[in-house]
Each structure stands twice: as structure tokens, then as C-alpha cells.
Protein chains: 4
Amino acid sequence: MLKNNQKTKYKQIIDAAVITIAENGYHQCQVSKIARQAGVADGTIYLYFKNKEDILISLFREKMQHFIQRLSEIIAGKNTATEKLLLLVENHFRILSENHALAIVTQLELRQTNKELRLKINDILKGYLKLIDDILIEGIENGEFDAKLDIRLARQMIFGTIDETATSWVMTDHKFDLVSLAPKIHQLLIHGCGNN
Amino acid sequence: MLKNNQKTKYKQIIDAAVITIAENGYHQCQVSKIARQAGVADGTIYLYFKNKEDILISLFREKMQHFIQRLSEIIAGKNTATEKLLLLVENHFRILSENHALAIVTQLELRQTNKELRLKINDILKGYLKLIDDILIEGIENGEFDAKLDIRLARQMIFGTIDETATSWVMTDHKFDLVSLAPKIHQLLIHGCGNN
Amino acid sequence: MLKNNQKTKYKQIIDAAVITIAENGYHQCQVSKIARQAGVADGTIYLYFKNKEDILISLFREKMQHFIQRLSEIIAGKNTATEKLLLLVENHFRILSENHALAIVTQLELRQTNKELRLKINDILKGYLKLIDDILIEGIENGEFDAKLDIRLARQMIFGTIDETATSWVMTDHKFDLVSLAPKIHQLLIHGCGNN
Amino acid sequence: MLKNNQKTKYKQIIDAAVITIAENGYHQCQVSKIARQAGVADGTIYLYFKNKEDILISLFREKMQHFIQRLSEIIAGKNTATEKLLLLVENHFRILSENHALAIVTQLELRQTNKELRLKINDILKGYLKLIDDILIEGIENGEFDAKLDIRLARQMIFGTIDETATSWVMTDHKFDLVSLAPKIHQLLIHGCGNN
DNA sequence: GATGAATGAGACTTCATTCAT
DNA sequence: AATGAATGAAGTCTCATTCAT
């Protein structure tokens, strides 16, 4: 019960942070604003987080875990790497589309931090990049993908493309439908621009 | 001559800003640090720039102009879109490699800003994205690229991939040679991951 | 039995406070630290003490009582004021030497408080100063001491000298043997600097 | 002129600090209160002092310099150590009497600081203790004082007695005349309590 | 009696910007 | 044009104390 309460308040603060940061921007988002949104006192924040930065890191870790978990499950049963890649792109976009505030935080606000913090974020991101790598390896092994593929570069292309598209979508205030772009992006990632 | 001096001091401050921001990070880079590096008084900065943000924007505009200018010239005489794309990637990487401080500023520090500033940055970036679009259009028209290519998405793939790779290179403290990755990335962008 | 338990916990907290304050300094010594050291919950402190200041006052009162008690007993049977003064100085130093943590608290930390609290401390100190006064009066009456002695000033000299020496000893991290200084200090207090 | 202005503002802040700390106590004395009293902006304080603690240290250093300077000059021409000691005590008391606020700060507020700061204060105090030591040495050499005098202990007696008396005077809100106590204290320091 | 999670007031310090010289 | 001393708003975090359990 106590454990439960704690978990509740921890997540309560994280969810408040997502909303408040998305609304105000990271640097305009005072701890007191998060506290008010979470319905707790300012000091309470510091019972669950080391400092303001720790809220951001924890938020990203928490959400990324779900993200990876969900994508993993969706991908799990599929047979081809090609299909898995489509589902990855599509559902990456879907999750962001389902939660605009989270999309703003991950695509914009999270980046407004110094290099040290960025390294921590990259560390958390590794779990996601591993998903991509696994798909690539599978694709190479079963002959779907180019045998001479440089996995790191291919992964950077895939992640870079998804990320750039998502950021662009957030910057235009979610004006277009992100999920429906997935097939075309998938096509690009598999076949490139060239006229094959 | 006075006009000349102004231009000198303007660029002097911008160059100081690149160095100082790269060394300290945008948020740890006080205006007074830039002034000291530029060898001028704090107040002098405000004779040439509206505010601190304006330094960043101006810096990016100034450098991006050169960037685009240089890439345009290099690409100019070439016959195929494919070749142009290779040269674009290669020289994009080359310019960043030649100036580590500038690379840090554009890949990391410039992003640590609020949405409003990001929109201004995107605006400046349009000139660069136009270069990519022109190559894509040319490629489609002369049959090198897929006729059904969605130009916006293709551009996002190209830019996203270049950007992700460059950022990754900066984050690892320029540990590997960026320029030599260009051919492989070019190959990926043209043919994708698939086993064509 | 309950009463007994209370007393136990009361002293338990006071002893924890001596250790914790000595280790951390009064202002760096959070109530929660004392509680942890005492093995009780934070809230429990407030069942036995009105507030943090009250811990300090109570601590001093408690320890000073023992201090005075012990000195009184030692002095009791002696015949001359001169001998009593020597024993007072010697045993004052001995008690501090026996308990470094207490010495730190009384000589340094207790002073880091506002005037209001200092007045309360002075009040508790009166019992000790009375000991000195009694020795002085006895010395005057039996001709050992100068008949025209200003008792208040003499007491301030005696206490000031002891206190300064003790503080100096604490500030040097108890580097020298305090007790062995007693005879020389006693000599000084009785005969002064002069060449009599 | 610039140098002059700086010096003026530095001293202006120090004098404001003496008054404000004396009135409010060190821990109740916010930097903004000092700034207001000094007639400068909060931020201006930090152009002249590293932090709040630095104000206290600088204040003590500045005032102690004057203190020592003045005592040195007064003592300078005198022939006997005994006379010098009297003048030292008398003028120590006189300076405190002339500036009640300073007396409060040095006798009470300055002590409300942690050990680290106390060590810095002690360091500054050394100049004053040197004055005492010089008198003692002179007294021993010319036969006024006991040849076997332990200088460190004698100095602690002298300083301890002066300090205790001064603190006691401050604690009673300067109710009695401090300066007039000097002769009796001098008598005590030279001849002790004993009936010589 | 005992707990310990929650509270929330409060202050030091930084730094972009100004303006008198 | 150039200076740089002065400004002052603004926000993170600590910690003594409370009170529901």
C-alpha cells in the first residue's frame, strides 16, 4: 500500500512534468509549476527526484521503457524484417500521435539540455536502437537486406529519418497525420531514393 | 572604412561566439564570455546584436550562408543527381570536420533553444533543404530517382540521416572520420537497406 | 517503566545530538540526522523536544548539570580556594578531554546560535559561574585572594581564560594535551603575568 | 577616480553589513537587506564580494586592520610592557564602546559561523594576538613579567579575559561602562587573583 | 507512543541588458 | 562608437515541523 502510494506519486509527478514541460518548454517550466500540476508541494518533488534534471531523465526513462516494451510486443510475432521495420515506424509514429505532449517533450524539450544530459538520454535510447539493430541483423541473415549493410549507419538512417519526420511534425503543431506517412517512409528506408 | 570596421567587429563577435559556445555550451556561455573572447566590452555586443539569442541566430545565418554557397559551387557543374547527392553528403561532413567548434554549435548547442528560436533556425535551414530538393527533383526528372518519390519525405530522410550521423560524431567527441562515411551513407540513401 | 523508557529515549536523543552536531556542525546537522543516529523517527524527536533549538538547550543543560555536579564533588572536601581553583581548571579540562564530541559542541557549535539562545545558554552557565564565585569568595574571606578583588571581573578572567584555552584546543583538533596545562594556567590566574 | 569609486562602494557595503548584521543577526540578515542599507542593488554586492560569507570575512579583516593599526599607534611610544598592556585593554574596550554595532558583530554574530569560517577569522585575529605576544616578550625581557611565563597561555588569558568581558558587556546590551573596567582588569592580568 | 511522508516558506546568486560617460 | 559598472528579476532546493495512521 505504501509502496503503491509511492509509485502513484512518482508517476503522478512524471505525468505532470510531461504536461507542464510540453506547455511551457523545459526552461520556462519551474519545479513549482510541475508540483502544482501534480497536486503536490514543491518539496515533495524532491522526495522522488534528485533535482529538476532528474525529473527529465526519469521521465524519459519511464516513457522509453513503455515505448520499447510496446514496440517489442508488436514486432514479436512477425516473420520478416521488412514487416517489422514497417511496424516499428508506424507504431513509433502512432505512440507519438497518441500523446502530443509527450511528443513535444521528446522531440523538442529533451534536446534543450547540455551535453552531459544528452549523454544520459542517449544511454536510455540505446534500448530503442537495439530494437532497430535486431531488425537489421535479422534482415541481413534471412537475405531481405543487403549483406554488406553497415548496421550502425543503417540504424542512423532509420532513426534519423524517423526522428526528423517526427520533429518536423511537432514543429508544425501536428498539422498532418504522422502515422499515415509510415508506409512511404518504410519504402524509402528499404529501397532508397533510387529508381530500382 | 567605418562600415568596414563594423563588419569586422560583427564577424569578430560571431567567431568568438562559435568558440565560446562550443567550449562552454550555450547555456553556460555568458555574453560577457563572448565579449572577452572577442576582445570587446559587454556593451559593445549590443551595438551589433539585439540580444543573446540574436547572436545565435546571426551566427547560424552567417555560417549557413557560407555552407550553402560552398555546397552549391561544388555541386554546380555535376551532371547526375546521384553524384550531386554524394558530393552534398561528403562536403557537408567535410565542412563540419574542418571546424569542430562550429560542428558542436550546430549539432548540439543550437538545439538547446526554445521552439520560437527553433522556428527561426528552421527558416534559415530552408536554403539548405532547397539544395536537397533540387537534387531530388533533378533526379526524378532525369530518371535516376523513383518517379513516385515524395520529395518532402525523401528530403527528411536525407537530412535526418546526415544530421543523425553528424550529431553522433559530435557526441563521441569526433572519434571517427566523418567524411569517409559519405559513400556508404550515399549508397544507403540511394538504395536503402533492401537487397535490391 | 514507561517513564523510564521516556527518560531513556530522551537521553538517547541527546547523546545522538552531541555526536551528530559534533560531526556535522550545528547548522549542517539536520533533525533527521539526529533521529537516524538515535534510531528513532524524525517525528519522535518532537515528542521529547519542542524544536531543534530545544535539543541544543536541553543537551547543554543536561551535560552542564553533570559537569557542575562532578566538579562540585571534586572540590568539596578541599581546604583552600587556591587548591579548589586548580582542581576546577584541571577537571574542566579533563571532562572536555574525555569527550571530544561534547567539547566540540560546547566550545564551537553552541555558539553558532542567535542572541536569544545565547541568553538561555548563559542562564544555564550561571550554575558553573557560581562555582567560581564561591571559590573566589572563599579565597577572599580566608585571605588567599586579594581582598579588593572584583568578583565579577575575576570570574570573567577565570572563565574567559579556561574557555579561550579550551576553544583553542578544539580548533587545533585536540592536538595538544589540555589537562597538563592546568597548573600553569592556575599559576597565571593566581599570580598574573607580573614578576611578583 | 574609478578606483576611488570602487573603494567607496566596497566600504559602503561593509559598513552597511555591520549595521544590518548587528540589527538582525547574521542568519537573519539577508543579502538584500545589506544591499538596501548600502543603497545598491543586490547584484552589486557580488561585484565586490564572492558570496555572503565573504562579506563577513572581509568586514572582519577590514575592521581588524584598523583595530590593530590604532592599537599599535597608541602603544608605540610607551616604555613599559605594563603600561602597554593597560593601553591595549583600555583601547580595545574603547573602540568597541565607540561602535556598538561593530561590537555586536565581532562579539556575537561573527561566531555564528562554521568551523571553516572560524579558522579564517582566527587567521585574521593573529595580527592582534601578535600585539599581545610582543608586549609579553618585552615584559619578560625587561623584567616586568615572570621570566618563566608561557607566552601562549598568557596570551590566551589576556585575550580570553578581554573577550569574555566584552561579550558579557554586549550580552547585557552595553549596560555598563566597559572602558572604565580596564584598570581593574589590567590589575588582574598582571597580579592575578592572589593576595600578593 | 511512534512513525515518516508531506509540507511550503524562504534566500542566495546569476547574468542579460542598460546607460552614463 | 565603445565601455563596463550597475541593475534586479527570478528560481531551485532545503529542512524544520506536522499529522494522519
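Chain identifiers are assigned alphabetically (A, B, ...) following the order of the sequence lines, protein sequences preceding nucleic acid strands; residue numbering begins at 1 within each chain. For the numbers below, each heavy atom of this structure counts, side chains included, while hydrogens, waters and symmetry mates do not.
The closest donor-acceptor contact from the side chain of H27(B) to the backbone of Q112(B) lies under 3.5 Å.
Legend: residues meeting side-chain hydrogen bond (donor to acceptor under 3.5 Å, both in side chains) with T167(D), ordered by chain and number and at least two apart, are Q107(D). The side-chain hydrogen bond (donor to acceptor under 3.5 Å, both in side chains) check on D54(A) picks up S58(A), with sequence neighbours excluded. D123(C) meets the side-chain hydrogen bond (donor to acceptor under 3.5 Å, both in side chains) test with K126(C); sequence neighbours excluded. In this structure, Y46(D) has no ring-ring contact (aromatic ring centres under 6.0 Å, His included) partners at least two apart in sequence or on a different chain.
For A41(D) and G39(B), each mapped to the nucleotide of DNA chain F holding its nearest heavy atom, the one lying further toward the 5' end belongs to G39(B). Two residues, V40(A) and E53(D), neighbour DNA chain E, and the one matched to the more 5' nucleotide by heavy-atom proximity is V40(A).
Taking atom OH of residue Y10(A) and atom P of nucleotide dA6(E), one finds them 15 Å apart after rounding to whole Å. One interatomic measurement links the two molecules: CG of D54(D) to P of dC12(E), which rounds to 14 Å at whole-angstrom precision. Residue I13(C) contributes atom CD1, which lies 12 Å from atom C1' of dG1(E) at whole-angstrom precision. dA16(E) atom C1' lies 15 Å from atom CG of L56(B), rounded to whole Å. Across the protein-nucleic acid pair, F49(A) atom CZ and dA6(E) atom C1' stand 15 Å apart, rounded to whole Å. Taking atom CD1 on I55(B) and atom C1' on dT17(E), their separation rounds to 11 Å, with Å as the unit. Straight-line distance from the CD1 atom of I45(A) to the C1' atom of dT12(F): 12 Å, rounded to whole Å.
For K9(A), the listed nucleotide lying nearest its side chain is dA6(E); candidates were dA6(E), dA6(F), dT7(F).
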Once Watson-Crick and G-U wobble pairs under 3.5 Å are found, how is DNA chain F written in dot-bracket notation, 5' to 3', with | for any base paired to another strand? .||||||||||||||||||||

Show me, pair by pair, the donor-acceptor contacts under 3.5 angstrom made by side chains of residues 32-41 of chain A, not counting sequence neighbours?
unit_1: K33(A); atom_1: NZ; unit_2: N24(A); atom_2: OD1; d: 3.3
unit_1: K33(A); atom_1: NZ; unit_2: Q28(A); atom_2: O; d: 3.2
unit_1: K33(A); atom_1: NZ; unit_2: Q30(A); atom_2: OE1; d: 3.2

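Counting only residues at least two apart or on different chains, the salt bridge (charged side-chain N to carboxylate O under 4.0 Å, His left out) pairs with a member in residues 105-117 of chain A are R111(A)-D163(A), K115(A)-D173(B). Sorted by first and then second residue, the salt bridge (charged side-chain N to carboxylate O under 4.0 Å, His left out) pairs involving residues 39-49 of chain C (not counting sequence neighbours) form an empty list.
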Sort me out a list of protein N/O and nucleotides 14-16 of chain F N/O pairs below 3.5 Å, or just none if empty.
unit_1: dC15(F); atom_1: OP1; unit_2: Q30(C); atom_2: NE2; d: 3.0
unit_1: dC15(F); atom_1: OP2; unit_2: Q30(C); atom_2: NE2; d: 3.1
unit_1: dA16(F); atom_1: OP1; unit_2: K52(C); atom_2: NZ; d: 3.1
unit_1: dA16(F); atom_1: OP2; unit_2: V31(C); atom_2: N; d: 2.9

